[in-house]
There are 4 protein chains.
Amino acid sequence: MIIVMKKGALPEQVQAVIGRISDLGYRAHVSQGAETTIIGVIGDERRVSENVFHMMSGVDTVVRVLKPFKLASREFHPDDTIVPVNGIRLGARSVAIIAGPCAVESRDQILESAWAVKEAGGHIFRAGAFKPRTSPYSFQGMGIEGLDLLAEVRQLTGLAIITEVMAPEQVPDVAATADILQIGTRNMQNYNLLHAVGASLKPALLKRGMMSTMEELLMSAEYILSHDNPHVILCERGIRTFETFTRNTFDVAAVPVLKELTHLPVFVDPSHAVGIARFVPALSLAGVVAGADGLLIEVHNDPENAWSDGAQSLRPEEFDALLPRLLQLREAVRQ
Amino acid sequence: MIIVMKKGALPEQVQAVIGRISDLGYRAHVSQGAETTIIGVIGDERRVSENVFHMMSGVDTVVRVLKPFKLASREFHPDDTIVPVNGIRLGARSVAIIAGPCAVESRDQILESAWAVKEAGGHIFRAGAFKPRTSPYSFQGMGIEGLDLLAEVRQLTGLAIITEVMAPEQVPDVAATADILQIGTRNMQNYNLLHAVGASLKPALLKRGMMSTMEELLMSAEYILSHDNPHVILCERGIRTFETFTRNTFDVAAVPVLKELTHLPVFVDPSHAVGIARFVPALSLAGVVAGADGLLIEVHNDPENAWSDGAQSLRPEEFDALLPRLLQLREAVRQ
Amino acid sequence: MIIVMKKGALPEQVQAVIGRISDLGYRAHVSQGAETTIIGVIGDERRVSENVFHMMSGVDTVVRVLKPFKLASREFHPDDTIVPVNGIRLGARSVAIIAGPCAVESRDQILESAWAVKEAGGHIFRAGAFKPRTSPYSFQGMGIEGLDLLAEVRQLTGLAIITEVMAPEQVPDVAATADILQIGTRNMQNYNLLHAVGASLKPALLKRGMMSTMEELLMSAEYILSHDNPHVILCERGIRTFETFTRNTFDVAAVPVLKELTHLPVFVDPSHAVGIARFVPALSLAGVVAGADGLLIEVHNDPENAWSDGAQSLRPEEFDALLPRLLQLREAVRQ
Amino acid sequence: MIIVMKKGALPEQVQAVIGRISDLGYRAHVSQGAETTIIGVIGDERRVSENVFHMMSGVDTVVRVLKPFKLASREFHPDDTIVPVNGIRLGARSVAIIAGPCAVESRDQILESAWAVKEAGGHIFRAGAFKPRTSPYSFQGMGIEGLDLLAEVRQLTGLAIITEVMAPEQVPDVAATADILQIGTRNMQNYNLLHAVGASLKPALLKRGMMSTMEELLMSAEYILSHDNPHVILCERGIRTFETFTRNTFDVAAVPVLKELTHLPVFVDPSHAVGIARFVPALSLAGVVAGADGLLIEVHNDPENAWSDGAQSLRPEEFDALLPRLLQLREAVRQ
């Protein structure tokens, strides 16, 4: 941490800051410049808040130097983390494909969609039994009944299952059915949920909050990792900006940046990012060449009659056409 | 809902849309323009999703006409809602003052701060026992022990208490101590929490998500109201933008806009909005003249040693100086 | 400037950075920490780019310490700048009122609006002769003919005139008519225009870019000030965010923040900030109590028939009712 | 255009709106719903402003139906526009490579960089003679002398030249040297400049404003096109968001969206979008597979000593390694 004193700060103000640093068990290193005095705080700054110094007389700004995340950082764990799920290895650019509809709607819908995903070559099936919806008047998911249908999908198709968990008390039920617990964008900073998912020791896919920085995403991953649960997958799914033509703005640069900052697998969800099915293929390709370890793609057997997110769901035949192109590109960029 | 067909849409595509409208139990009203055909959907559109039509061939855009919230709307309930708390009436521009430190840190700190708030003329005491923190390495609050200290503050000072609840399972404990349950900005769309708070029938203060629209805030209020819990207070606390000098951007216009859209009380939290104590007085004044029904102001007996948010906390003497100015302005704008 | 070396940077990398600092005529101050080495650059950093160091091996981050603006800074010029215009002193919280329609449309419209502004007690008349419009198919302003009408308004009513200038070549004509040259939000970083307005030595009102930071606003002011033209007025007019209910988001906190950073007068334009006439009074009051030195308010003699921005224009009688409330508040907060 | 009346609007208010529509030469189509009345405006809405109706009593919202751009629209001109430059055809996914340093700094620097671009297989050389800089204290470009050096580069290497023009009065000089006039992000809505560039009849590359929507970008293109200058190239170069790790947020989805909305070539500038050289290759690949017609890539012969933007410039050997990968991907996605 670096403390920049105000121009004209008094010697006793500088001394007070040095004293406080020392009281907290750190060492101070003072640089006397022409216009300002700069004081370095030597020690593990993760355990001290900027505020301690911000409020002191004569202090202009306080700058953190170390990244605030540790277990998630590439420096702490240089090799790529691999998350093994149902015989598939997620991470290290394996480009795994998670696909399926937004929500479990019925046995027919879910089985038909799942077989389509499997036949096209998808690896993991996604569908929500618990649905976070902006409106209390919208369909909120089939709940436990939906989980039972997902268990059946798993048994019949052999596909691994990922589904969303919305509250700590749902974790046992969801963990009993799903191979991967999904934490949605609105819950990225639901810390009680992060703790519960961490403690479950199940693999977790953590979606970036639509309003969250990459650093905040890594801090939320840190909550799960701190329970000795190493299997966290990050997912870029679009952020909220001033542009309204697309549902969100797909931050494709987050892929290479996160891959540098962290050892965790980085997936992308182009369906939620853009919100319009006909643009999903182009963005899926972009995600793969940018270095994504996998994709989440919404596929529905009958998008026009989907109860939610139909506008961004591919039809089975569109998904079928996209998959070989994704895998071909994976090879092209691997070389 | 209005459906705009693409330029050159075929008659059979128009017919298909009309058929779907009819199947869903609505009436269609067709306007044939020079370049486009526009179809109005007549009926309560809150029960149908845009997606149903978005996906159909020949459809260009779908526009909602009705506001998606109902119980929260001024049209549904023209008179201002008053939330009675401990003999105080919140709402209808009473300009109630909620104040206190970010977190419960110790018995001395909390009692000293509470007496300062009471002596200055504050109405309700705030302090967090459960703290949502970006980092798992930061102080997470005193938990149940903190609630016990708040109960003591209540008994000794007679001040009503507001404190944050972070998860459904905490609702009974927090509701046993607090007069108002606070839902934080990161939990505005934690729907399980909204349901649990709604069902508690306790007054709730719902903070706007830092990247949520006013409409989304009202939809989240709708979740609580749908449990026949009428006592919801909205709170503007700054939104996230590209500007980094201030902690957030205080959306003061949200005050008059929300007061027009809804009957619920609208509070502002200038401390979190700006994040720098010396700017809190100016923004508090701005909130009052913009029409806020009350304020949340961070006050700490010793900000330099606060465990969190010290940089945005007023000292007791600063709070003491601000309060009469706020009340004077309230009178000035009431006339 | 502070250079933070990467964890594990080699001694020769540190030496290379120190060598570069020295070559550039600065002094280096090295702090050796447990995890990182920090190097302070001693000297006037405004003349060196971060990039010089960013690119060097072993460098993690480079942090500027000094503010990049100088002539605009409160440190450089502690007293409030007063801009004298037509016998009025703008600045130092005089709360001057600039009002008028978006555009000059006709002699009748402009004269009727101007007399309404004058009779209500407004100080300066605004109306655009050159209009920056998103669409080439929209009304682009009356141009020189509009300037002539403004000159007539000035002569007949005695009101000072402010009007927008869009290009360097328009500066002479606009400067011949107007008392204050307005630079619009889309031109805040039109550097050739800033130079031309600076060189004209006329007072300038510089609107904040709708997606520009306060620091960038001050840097643009610096362009004008660098021509020895001290008469720059800053204007907060709303920034672009994800919220779409209002036209822009009124960043009221910019008022006290800018007043601290700079000695220049700070005005607000609530009409453009919110874009809806019925919310303009509340935001005008908020601007005044937040410390604004003046306001720009759109007033049109017949808003329903305005050629542009009618939806945000007050009628003369609404403006008439607002003005005494603004002045009363000014007194209330001055005490 | 669709006009939605308020719930409970009076019949005479509806009649007044209908009357106004008729007065303006349009036809009205009224849909009487259960809760609201909706009125369609039949005719070319590009010539009428929403404001005309917004202000009328009883009106709730006004929604535009037609896109406001025409000459730029794919509907108006279904085939891809090809911009011929120096024997190269830009557009229709030819993936042309524009490369070079941020600024002209010296004869040696510019020639060395240009030969590196040419040898690697780049098609067009870029470098700025006029530089828009946030600070008046930063290097502002070599001006006319820089143009002369670019003319020499052109003669010696045979590469076509693109360079930025910042003001209408610079257009003749820049047009005499450059094959393509670049309009920078800060000037996207500098309408006088757009008119001047349009009138020059030279090909123009129009960068998206960092704060501008895709629709606004197309409206600015419309200004140039309205001068019968058909050769406009659009360029996505990153938008400003709350994320600060990268310089801007690369809106890769803009590529397929713009390609659908318009017939104009769409380029991307990953260097400015991300601002960090080591992430430029991944984003370049992403741009190509998303459908970009070409790329702008910053390449400098000595980035560590660049006067500006060094941190985002590739070294010649990095550019050399990237180019074949881009062209290989172009083939892969073409199939």
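Chain letters run A, B, ... following the sequence lines, proteins first and then strands; every chain starts at 1.
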- Query: Between C:Val333 and B:Arg325, is a side chain to side chain contact (heavy atoms under 4.5 Å, CB included) present by the stated rule, with each step listed?
  - Reply: CA-CA 8 Å; C:Val333 292; B:Arg325 300 183 67 202; 4.3 Å; yes
Between [X] and chain B, with a heavy-atom cut-off of 4.5 Å, which part of the residue counts as in contact: side chain, backbone, both or neither?
X	value
C:Glu260	side chain
C:Ile276	neither
C:Arg240	backbone
C:Ser284	neither
C:Thr213	both
C:Phe250	both

Quick check on the interface: out of [options], who has the most heavy-atom pairs with chain B under 4.5 Å?
options	answer
C:Ile239, C:Thr244, C:Asp251	C:Ile239
C:Leu285, C:Val257, C:Val274	C:Val257
C:Gly287, C:Ala273, C:Pro281, C:Ala253	C:Ala253

- Would you sort out whether C:Phe245 and B:Leu261 count as a side chain to side chain contact (heavy atoms under 4.5 Å, CB included), showing the intermediate values? CA-CA 11 Å; C:Phe245 193 96; B:Leu261 293 174; 3.9 Å; yes
- Note on the structure: Comparing B:Met211, B:Arg278, B:Met214 against chain C, the one with the most heavy-atom pairs below 4.5 Å turns out to be B:Met211
[atom2] on [Y] to [atom1] on [X], rounded to 0.5 Å:
X	Y	atom1	atom2	result
C:Leu329	B:Gln328	CG	CD	9.5 Å
B:Arg208	C:Glu243	CZ	CD	5.0 Å
C:Glu216	B:Phe242	CD	CZ	8.0 Å

- Heavy-atom side-chain contact between B:Thr241 and C:Thr249 under 4.5 Å: no
